[in-house]
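Take this structure, written in structure tokens, and hold onto it; I'll ask about it next.
Given the structure is predicted, the values throughout are model-derived calculations rather than measurements.
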Amino acid sequence: MKKNKALLVPFVLWAAIFIVVPLLLIVWYGVTVEESIPYTEITLEDGRAAFELEDGTVTTERPQKRTTVSIANFRRMLEPTYLKLLLRSLKIAVITTLICLLLGYPVALILSGKDFRRPGLWLMLIILPMWMNFLLRTYSWMSILENSGILNSWITSLREAFPAFDELLTQMGVGKKIIFLYNEKAVVLGMVYNYLSFMIMPIYTVIEKIDRSLLEAAADLGASPRKSFLRVTLPYSLPGVLEGVTMVFVPAVTTFVISQLMGGGKVPLIGDIIQNQFGKSSDWHFGSTLSLLVMVVVLAFMGTLNRIDKEEEPVKEVRIL
């Protein structure tokens, strides 16, 4: 027993250093602000410059800013501008999660089919892009979608080769160059591409472990493939769905790289504001406050999914009729 506890020491130390301490720092910065100390600049009898504080103290060193506990950043956080950015981030994250679910579930279902050949090869092809750098994948999509990119070049070639196609696009109000980038749709596309495999893998893993005898029993009892899916596959795959939703929603709601590159700064999200506070603005206090807000939203979301998962867990019986 003591040996088992000793094995936990490295993990506890690692968690304390890289999880607990950074979290405490974020909380500390989030509930504090830096404010200037009021002072009056005076000249001493010997001609030296000095500074007189509010309490009458005189010092020759210029007073530095002081850190005090305050809720000012929380009041600032509730301003319409930041709430609007948070709502936009949640909207785009939800849309991304739904699209990944609609695309990923059928793919996982097909890969887990008993008649599907070489699912491991296809899984490797799905995961393969994840081995490349995140920025490289995003820049690749930018080179495809930009005004002088591959897609616009193909469309231009088709318009030149087929005048009827060019006339149709012109009647639809489509210009010579189609703007694919720097809007919400481009941001959603970038997120779906980068996070789709996070949805496919957990769903596939759960469906693959479903007892095939349940599906065979459902078929023997006269259930159609549609009813077998609704009564057997879908309920038993729910844990994988919830895990996939979590793995997609959490990074989607906090991202800033995709929105900056494919959104071109025209679709700022809450992650962009947090990144700017720690970077350009150097306001770590307000950036930490916004981080706490996002953390609360993410924890509430994960808590809701966990509650749904626990409610569904006891239900193991299969009803065909």
Side-chain angles (χ1 to χ4, degrees), residues 84-111 122-159 165 169 172-204 241 243-276 294 297-298 301:
K84 182 179 179 180
L85 290 174
L86 178 61
L87 291 176
R88 176 190 288 172
S89 302
L90 292 173
K91 181 187 73 172
I92 292 180
V94 169
I95 293 174
T96 300
T97 303
L98 290 176
I99 294 176
C100 287
L101 179 59
L102 292 176
L103 295 176
Y105 196 99
V107 172
L109 195 63
I110 293 172
L111 291 176
W122 288 96
L123 284 174
M124 186 189 69
L125 294 177
I126 292 173
I127 301 175
L128 187 61
M130 305 303 298
W131 296 352
M132 295 186 294
N133 184 270
F134 185 87
L135 288 175
L136 179 62
R137 299 198 305 269
T138 305
Y139 276 118
S140 298
W141 270 106
M142 293 180 66
S143 66
I144 294 174
L145 300 177
E146 62 184 359
N147 291 344
S148 57
I150 299 173
L151 188 56
N152 262 312
S153 299
W154 287 353
I155 294 176
T156 300
S157 300
L158 289 175
R159 297 180 81 158
F165 179 64
L169 292 181
M172 295 172 61
V174 179
K176 294 299 181 180
K177 295 292 185 180
I178 304 177
I179 301 177
F180 293 107
L181 288 175
Y182 313 135
N183 50 55
E184 286 192 5
K185 295 179 181 178
V187 174
V188 171
L189 174 62
M191 290 187 182
V192 170
Y193 171 74
N194 282 288
Y195 302 141
L196 181 58
S197 58
F198 294 158
M199 181 69 72
I200 295 176
M201 292 305 299
I203 296 177
Y204 168 79
V241 171
E243 183 178 350
V245 167
T246 302
M247 294 178 66
V248 172
F249 179 84
V250 172
V253 79
T254 57
T255 188
F256 61 90
V257 174
I258 297 176
S259 56
Q260 287 181 358
L261 295 179
M262 301 192 70
K266 297 181 179 179
V267 191
L269 303 179
I270 195 67
D272 297 282
I273 304 301
I274 295 174
Q275 190 268 341
N276 288 335
V294 176
V297 173
V298 170
F301 175 79

(Q) Give me the atom names and distance for the closest heavy-atom approach of I200 to A108. (A)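 Closest pair (atom of I200, atom of A108, distance): O-CB, 3.9 Å.
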Q: Give the intermediate values and the outcome of side-chain contact (heavy atoms from CB on, under 4.5 Å) for residues M262 and M142.
A: CA-CA 7 Å; M262 301 192 70; M142 293 180 66; 4.2 Å; yes
**Q.** Nearest-0.5 Å distance that lies between atom CD1 in I155 and atom CD1 in I150
**A.**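 The distance works out to 12.0 Å.
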Q: Look at the side chain of T255 and the backbone N and O of A252, then say whether any donor-acceptor pair between them is shorter than 3.5 Å.
A: no
Q.
Heavy-atom count check: over 12 atoms from other residues, nucleotides or ligands less than 6.0 Å from M132 CE?
A.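 Result for CE/M132: enclosed.
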Q | Separation between CG of N152 and CZ of F180, rounded to the nearest 0.5 Å | A |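 Going from CG on N152 over to CZ on F180, the span is 5.5 Å.
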Q: Please round to the nearest 0.5 Å and tell me the distance separating atom OG of S197 and atom CG of L125.
A: 12.5 Å
(Q) Please enumerate all residues that pass salt bridge (charged side-chain N to carboxylate O under 4.0 Å, His left out) together with K177, with sequence neighbours excluded. (A)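 For K177 there are no salt bridge (charged side-chain N to carboxylate O under 4.0 Å, His left out) partners, ignoring immediate neighbours.
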Q: Heavy atoms only: give me the nearest S148-S153 pair and the separation to one decimal.
A: O-OG, 4.0 Å
Q: Applying side-chain contact (heavy atoms from CB on, under 4.5 Å), run through L189 and K185 and close with a yes or a no.
A: CA-CA 6 Å; L189 174 62; K185 295 179 181 178; over 6 Å; no
Q: Could you tell me the separation between the CE atom of M201 and the CD1 atom of I126, rounded to the nearest 0.5 Å?
A: 8.0 Å
Q: Taking all heavy atoms of A186 and all of L181, pick out the closest pair and write down the distance.
A: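 So the minimum-distance heavy-atom pair works out to CB-CA, 3.9 Å.
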Q: Please say whether more than 12 non-hydrogen atoms of neighbouring residues, nucleotides or ligands are located less than 6.0 Å from CD1 in I178.
A: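 Correct, the count exceeds 12.
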Q) Which pairs, with at least one residue in residues 88-105 and sequence neighbours excluded, count as a side-chain hydrogen bond (donor to acceptor under 3.5 Å, both in side chains)? A)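 Counting only pairs at least two positions apart or across chains, the side-chain hydrogen bond (donor to acceptor under 3.5 Å, both in side chains) contacts touching residues 88-105 are K91-E184, Y105-S237.
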Q | Residues forming a ring-ring contact (aromatic ring centres under 6.0 Å, His included) with Y193, sequence neighbours excluded | A |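 Y193 satisfies ring-ring contact (aromatic ring centres under 6.0 Å, His included) with W141 only.
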Q. Does atom CZ of F165 have more than 12 heavy-atom neighbours from other groups under 6.0 Å away?
A.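 Atom CZ in F165 is packed in, count exceeds 12.
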Q) If every non-hydrogen atom of T246 is compared with every non-hydrogen atom of P251, which pair is closest and at what distance? A) O-CD, 4.1 Å
Q.
I'd like to know whether L135 forms a side-chain contact (heavy atoms from CB on, under 4.5 Å) with L261, so could you lay out the CA-CA distance, the side-chain angles of the two residues, the decisive distance to 0.1 Å, and finally the verdict.
A. CA-CA 9 Å; L135 288 175; L261 295 179; 3.9 Å; yes
Q) Considering residues at least two apart in sequence or located in another chain, which fulfil the side-chain contact (heavy atoms from CB on, under 4.5 Å) criterion with F134? A) R137, T138, N194, Y195, V257, I258
Distance-only donor-acceptor hits, side chain of residues 264-274, under 3.5 Å, sequence neighbours excluded:
| residue | atom | partner | partner atom | Å |
| --- | --- | --- | --- | --- |
| D272 | OD1 | S259 | OG | 3.0 |
| D272 | OD1 | Q260 | NE2 | 3.4 |
| D272 | OD2 | S259 | OG | 2.6 |
| D272 | OD2 | L269 | N | 2.7 |

Q: With sequence neighbours left out, write down each residue that passes ring-ring contact (aromatic ring centres under 6.0 Å, His included) with F249, or none if nothing qualifies.
A: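 Here the qualifying residues are F301.
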Q. In Å, rounded to the nearest 0.5 Å, how long is the span from CG of L103 to CE of M199?
A.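 These two atoms lie 9.5 Å from each other.
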Q) What's the spacing between L145 CG and N183 CG if we round to 0.5 Å? A)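 Interatomic distance, L145 CG to N183 CG, rounded to 0.5 Å: 9.5 Å.
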